[in-house]
Amino acid sequence: MEASSSLIWIIIGMAIVTYIPRLIPMIYLSDKQLPSWLNEWLGYIPVTVLAALLFPILLVNDQQISFSQNPNLLAAIPTFIVGFLTKNIFITVLVGMGSIVGIRLLIG
Amino acid sequence: MPNTQISEHTRFKLAINLVFIGIMKGLPVFVGYLPIGFAYGVLAMQAGFTASETVLMSILVYAGSAQFIGVGMVAAATGITTIILTTFLVNLRHLLMSASLAQRLNGKDKRKLALFSYLITDESFAVNSVWLRNNNDIALRSLFAVNVTAYLGWISGSILGALVGSQPINVEKYGLDYALPGMFIILLIFQLENRKYVVLAIIAGVLSTILSQVLSHNLHIIITTVLISALGVVISRWKPAVR
């Protein structure tokens, strides 16, 4: 590993390039009236970005799309059900963690 | 006292209330971040970070997946330029989230918004978006409280991970690695307002999965989000009834 002083620079660099995309739209768009189609487009971002983040985690196993013997996908079934029933973040995350442990024991 | 005037005391109580509501909204994210932050802390320590470097990265960068990737690249002795460029690409999706929130925070104080935007994450964004959609005039103070609560969860988890990280720990054994997908699952459920959103979620999920096989640096997430949100607009213009 490199010397720690360069690690500090890596952290600072990462912090800057992470902050810029968070900051710029907030500053430039928060006082503008956007056309209605653009507003509508921005309104779909929460659902599409979360689906885009989640599905690959569930469907890709060992770098390949897999529908069988895939622990992440199997554990998602009880997690989704409990999520729909309870609408509770904490309980759902706990059920997810419990499910993956159980499924790994079963299909190990 | 004329009843149009609110006393200092009442105003103070109101402000405290607004913060309190936000903390309650942020608390589940706080709890969810503990195991993920913990896993990050352990991995960073095992990659040779000191405890203070591990926690400093969580304070300054505050972006889950980028921190995991960053730790992995530092461990693999990747060059600083590659690490920073990758981080930029991996976190570029926040651009879309920030734009989406900005549209609902029209006219608020820019200095406060600048600070607020520092704490945008996938999860705090999801919670605040649902909240703003259901109620248009939520105080910025309350949204801030959500973000700060989540931030403290991430930092606390990282500290716990840094404390025990010098010992070898198997994060998979305790299901800690499933806290993130678990959180995404429930947050996605919150977004599913009607059938159209369900359809968009499924299309986005499938496209993102396919693209993830051919693209790197989380680009599949950005491309999918841009395209499928546009599809949502196209559908509602083409068939206004399914809006």
Side-chain angles (χ1 to χ4, degrees), chain A residues 1-2 4 6-7 9-15 17-19 21-27 29-31 34 37 39-60 65 72 75-76 79-80 83-84 87-90 92-93 95-98 100-101 104, chain B residues 28 31-32 48 53 56-57 60-61 63 66 70 80 83-84 87-88 91-96 98-100 102-103 105-108 110 113-114 117-118 120 122 126 129 175 178-179 181-189 191 197 200-201 204-205 208-209 212 221 224-225 228-230 232-233:
Chain A
M1 228 197 76
E2 294 168 73
S4 260
S6 83
L7 184 51
W9 287 113
I10 289 174
I11 293 173
I12 291 172
M14 287 174 71
V17 299
T18 302
Y19 186 36
R22 281 171 169 163
L23 174 71
I24 291 186
M26 189 62 83
I27 294 303
L29 297 180
S30 60
D31 58 359
L34 301 176
W37 64 267
N39 263 335
E40 194 190 339
W41 181 76
L42 292 169
Y44 293 125
I45 286 176
V47 66
T48 55
V49 78
L50 280 165
L53 285 163
L54 172 67
F55 277 52
I57 299 174
L58 303 183
L59 296 174
V60 179
I65 297 173
N72 278 2
T79 312
F80 259 107
F84 272 112
K87 300 275 167 87
N88 181 303
I89 300 179
F90 181 57
T92 309
V93 170
V95 167
M97 289 168 61
I100 194 74
V101 170
R104 282 189 185 129
Chain B
V31 176
E53 288 160 351
L56 187 69
M57 190 190 256
L60 292 182
V61 181
I80 181 165
I83 296 178
I84 290 174
T87 305
F88 177 70
N91 288 331
L92 203 52
R93 65 183 187 284
H94 294 138
L95 194 81
L96 301 170
S98 175
S100 184
Q103 162 225 357
L105 296 172
N106 220 301
K108 306 258 195 235
K110 292 210 173 186
L113 289 180
S117 70
Y118 190 70
I120 295 175
D122 301 335
S129 294
Y178 211 77
M183 188 120 74
F184 285 153
I185 286 173
I186 185 65
L187 292 174
L188 178 62
I189 290 171
Q191 313 300 330
Y197 283 73
L200 289 178
S208 172
T209 304
S212 75
I221 294 165
T224 301
T225 305
I228 306 306
S229 298
V233 178

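Within every chain, numbering begins at 1; the chains are lettered A, B, ... in the order of the sequence lines, protein sequences first and strands thereafter. The figures that follow rest on heavy atoms only: side chains count, while hydrogens, waters and symmetry mates do not.
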Residue pair [X] / [Y], side-chain heavy-atom distance below 4.5 Å:
{"X": "B:Leu96", "Y": "A:Val49", "value": "no"}
{"X": "B:Thr224", "Y": "A:Thr48", "value": "no"}
{"X": "B:Lys108", "Y": "A:Ser30", "value": "no"}
{"X": "A:Thr79", "Y": "B:Phe184", "value": "no"}
{"X": "A:Pro56", "Y": "B:Thr209", "value": "yes"}

Distance in Å, [X] [atom1] paired with [Y] [atom2], rounded so as to fall on 0.5 Å steps:
{"X": "B:Thr225", "Y": "A:Trp41", "atom1": "OG1", "atom2": "CH2", "value": "8.5 Å"}
{"X": "A:Ile10", "Y": "B:Ile83", "atom1": "CD1", "atom2": "CD1", "value": "4.0 Å"}
{"X": "A:Leu23", "Y": "B:Leu95", "atom1": "CG", "atom2": "CG", "value": "10.5 Å"}
{"X": "B:Ile189", "Y": "A:Asn88", "atom1": "CD1", "atom2": "CG", "value": "11.0 Å"}
{"X": "A:Ile11", "Y": "B:Ile80", "atom1": "CD1", "atom2": "CD1", "value": "10.0 Å"}
{"X": "A:Leu7", "Y": "B:Met57", "atom1": "CG", "atom2": "CE", "value": "6.5 Å"}

Hey, does the side chain of [X] reach the backbone of [Y] with a donor-acceptor pair shorter than 3.5 angstrom?
{"X": "B:Ser100", "Y": "A:Leu42", "result": "yes"}
{"X": "A:Tyr44", "Y": "B:Ala230", "result": "no"}
{"X": "A:Arg22", "Y": "B:His94", "result": "no"}
{"X": "B:Tyr178", "Y": "A:Ala76", "result": "yes"}
{"X": "B:Ser98", "Y": "A:Met26", "result": "yes"}

For the student: nearest non-hydrogen atoms of B:Ser212 and A:Val60, plus distance
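Here B:Ser212 and A:Val60 meet closest at OG-CG2, 4.0 Å.
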Shortest non-hydrogen contact from A:Val47 to B:Ala201?
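Shortest heavy-atom separation between A:Val47 and B:Ala201 comes out as CG2-CB, 3.9 Å.
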Only pairs of heavy atoms separated by less than 4.5 Å count here; which of [options] has the most with chain B?
{"options": "A:Thr92, A:Leu53, A:Val93, A:Asp31", "answer": "A:Leu53"}
{"options": "A:Gly98, A:Gly13, A:Ala15", "answer": "A:Ala15"}
{"options": "A:Leu29, A:Leu54, A:Val101", "answer": "A:Leu54"}
{"options": "A:Ile57, A:Ile12, A:Asn39", "answer": "A:Asn39"}

If I measure from the heavy atoms of chain A, does B:Val31 come under 4.5 Å with its side chain, its backbone, both, or neither?
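When you check distances to chain A, only side chain atoms of B:Val31 fall under 4.5 Å.
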Please say whether more than 12 non-hydrogen atoms of neighbouring residues, nucleotides or ligands are located less than 6.0 Å from NZ in A:Lys87.
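Not more than 12 within 6.0 Å, no.
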How about A:Phe90: does its CZ atom have over 12 heavy atoms from other parts shown lying under 6.0 Å from it?
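Not more than 12 within 6.0 Å, no.
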Any idea which of B:Ala63, B:Ala204, B:Ala99 has the most non-hydrogen atom pairs under 4.5 angstrom with chain A?
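That would be B:Ala99.
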Taking only residues two or more places apart in sequence or in another chain, which ones pass side-chain hydrogen bond (donor to acceptor under 3.5 Å, both in side chains) with B:Ser129?
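Here no residue qualifies.
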Once ring pair (Phe, Tyr, Trp, His ring centres under 6.0 Å) is applied, do any residues pair with A:Phe80, and if so which ones, sequence neighbours excluded?
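With neighbours one apart ignored, the set is empty.
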Between A:Ile100 and chain B, with a heavy-atom cut-off of 4.5 Å, which part of the residue counts as in contact: side chain, backbone, both or neither?
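For A:Ile100, side-chain heavy atoms alone lie under 4.5 Å from chain B.
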Heavy-atom cut-off 4.5 Å, strictly under: side chain, backbone, both or neither for A:Ile45 against chain B?
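For A:Ile45, backbone and side chain are both near chain B.
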Among B:Ile84, B:Leu92, B:Leu60, B:Asn91, which residue meets the side chain to side chain contact (heavy atoms under 4.5 Å, CB included) test with A:Thr18?
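With A:Thr18 as partner, side chain to side chain contact (heavy atoms under 4.5 Å, CB included) holds for just one option, B:Asn91.
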